[in-house]
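As the structure is a computational prediction, the values presented were derived from the model and not from experiment.
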Amino acid sequence: MINSQEIKIGTCIRMDGKIWTCIDFQHRKPGKGNTVMITKLKNVADGRVLERTFQIGFKLEDVRVERRPYQYLYEDATGRIFMNQETFEQIPIPTHQITGAEYMKEGDVVEVVTDTSDGTILLAEMPVKTALKIVHSEPGIKGNTATNATKPATLESGATVRVPLFINEGETILVDTRDGSYISRVND
């Protein structure tokens, strides 16, 4: 059991018979009354997100988890196939259980979170930043960089992101896998 004020991003709890992971939290002290914890929780089974408010000191059932690196190999009818970096065991994980799945390419290493009590896979997390090559983008117009204008660019993973006008097809960029935003250009 953990207290509600101990919840952080990535903490897994069991609530209403389901396992939830915290994706955002905030301590709030209203003008009158007790401090509360406002959390945004994601259901690891179906991906549903809900916001739940807990009083400080509220007891929650925590889930002990283990995080291990797995390498993405390929996709088939059972889901995306990953290989354990230590034992070389291959496992399928459904796409909805992978955060940042649209920015994943073959060979990427993700962190797979499993429940230590029964060994079930809860979710897989992409690294926050990933380098991807642009496979299609309209050419930038010279002199049109005075404003913060952006254009769509298709990445090698198939996802589309907004990039500055000076970024061209064939370049490699860093992308934030949490929200799909452009971070910077990667120098080879």
Side-chain angles (χ1 to χ4, degrees), residues 1-30 33-131 157 159 174-181 183:
M1 299 296 271
I2 62 169
N3 289 324
S4 58
Q5 67 267 22
E6 296 173 19
I7 293 177
K8 294 174 180 48
I9 293 175
T11 301
C12 291
I13 62 170
R14 191 178 312 275
M15 183 175 68
D16 304 328
K18 297 180 175 81
I19 297 176
W20 302 80
T21 183
C22 178
I23 56 175
D24 195 19
F25 71 96
Q26 179 181 7
H27 288 275
R28 186 168 292 161
K29 173 81 171 118
N34 295 333
T35 305
V36 293
M37 254 316 252
I38 299 172
T39 60
K40 197 176 277 187
L41 303 170
K42 181 178 180 183
N43 186 323
V44 297
D46 60 14
R48 197 176 77 226
V49 175
L50 65 85
E51 200 168 285
R52 186 62 64 96
T53 303
F54 300 105
Q55 295 290 329
I56 294 297
F58 186 77
K59 297 277 188 200
L60 296 164
E61 183 182 349
D62 63 332
V63 178
R64 299 284 178 213
V65 295
E66 189 174 79
R67 297 173 180 271
R68 293 194 182 273
Y70 278 73
Q71 183 179 16
Y72 172 54
L73 300 176
Y74 59 91
E75 186 172 7
D76 68 4
T78 61
R80 297 189 183 215
I81 308 300
F82 292 86
M83 179 181 66
N84 186 322
Q85 295 287 81
E86 298 155 359
T87 64
F88 305 109
E89 167 195 12
Q90 294 184 12
I91 56 163
I93 300 176
T95 303
H96 70 83
Q97 288 185 310
I98 305 167
T99 58
E102 58 271 19
Y103 307 106
M104 192 167 42
K105 63 184 185 303
E106 289 181 9
D108 281 350
V109 176
V110 301
E111 196 170 66
V112 174
V113 180
T114 56
D115 185 347
T116 56
S117 62
D118 60 2
T120 57
I121 295 168
L122 302 178
L123 62 126
E125 298 173 333
M126 278 285 292
V128 174
K129 297 177 189 175
T130 187
S157 66
L174 271 182
V175 177
D176 188 326
T177 59
R178 296 170 295 190
D179 59 5
S181 62
I183 298 173

### Task
Mind running side-chain contact (heavy atoms from CB on, under 4.5 Å) on I98 and I93 for me, showing each step along the way?
CA-CA 8 Å; I98 305 167; I93 300 176; 3.9 Å; yes
### Message
With side-chain contact (heavy atoms from CB on, under 4.5 Å) as the criterion, how do R68 and V112 come out once you've worked through the C-alpha distance, each side chain's angles and the decisive distance to 0.1 Å?
### Response
CA-CA 5 Å; R68 293 194 182 273; V112 174; 5.6 Å; no
## Note on the structure
Value for CE (M126) from OH (Y72), rounded to nearest 0.5 Å, stands at 10.5 Å
### Message
What verdict does the side-chain contact (heavy atoms from CB on, under 4.5 Å) test give for N3 and K59, after you've listed the backbone C-alpha separation in whole Å, the side-chain angles of each residue and the deciding distance to 0.1 Å?
### Response
CA-CA 5 Å; N3 289 324; K59 297 277 188 200; 3.0 Å; yes
### Query
Under 30°, 30 to 60°, or over 60°: which ring-plane class applies to F58 and F54, parallel, tilted or perpendicular?
parallel
### Query
Looking at CD of E75 and CZ of R80, how far apart are the two atoms once the value is rounded to the nearest 0.5 Å?
4.5 Å
### Task
Provide the closest heavy-atom pair for S157 versus M104 in the form atom of the first, atom of the second, distance.
CB-O, 3.7 Å
### Task
Enter the distance from Q5:CD to Q55:CD here, rounded to the nearest 0.5 Å.
11.0 Å
### Message
Please determine whether side-chain contact (heavy atoms from CB on, under 4.5 Å) holds for the pair K42 and R48, giving the CA-CA distance in whole Å, both sets of side-chain angles, and the decisive distance to 0.1 Å.
### Response
CA-CA 6 Å; K42 181 178 180 183; R48 197 176 77 226; over 6 Å; no
### Query
Taking all atoms of both residues into account, what is the closest heavy-atom pair of V110 and A124, and its distance?
CG2-CB, 4.2 Å
### Query
Which pair of non-hydrogen atoms, one from S4 and one from G57, has the smallest distance, and what is that distance?
OG-N, 3.4 Å
### Under 3.5 Å donor-acceptor, T35 side chain and R28 backbone
no
### Query
Taking only residues two or more places apart in sequence, or in another chain, which ones meet T120 in a side chain to side chain donor-acceptor pair (under 3.5 Å)?
D118
### Message
Given 3.5 Å as the limit, does a donor-acceptor pair link the side chain of T114 with the main chain of G119, or not?
### Response
no
### Task
Search all heavy atoms of L122 against all heavy atoms of Q97 and return the closest pair with its distance.
O-NE2, 3.3 Å
### Query
Can you tell me how far the CD1 atom of I38 sits from the CD atom of Q26, to the nearest 0.5 Å?
5.5 Å
### Message
Applying side-chain hydrogen bond (donor to acceptor under 3.5 Å, both in side chains) as the test, list every pair that has at least one member in residues 98-107; sequence neighbours left out.
### Response
K105-D108
### Query
Just how far is it from atom CD of E6 to atom CG of L60, taken to the nearest 0.5 Å?
9.5 Å
Atom pairs and distances, side-chain donor-acceptor, residues 12-23, under 3.5 Å, sequence neighbours left out:
residue: R14; atom: NE; partner: E61; partner atom: OE2; Å: 3.4
residue: W20; atom: NE1; partner: M15; partner atom: O; Å: 3.2

### Summary
One should read off an interatomic distance between T39 OG1 and L50 CG, to the nearest 0.5 angstrom, of 7.5 Å
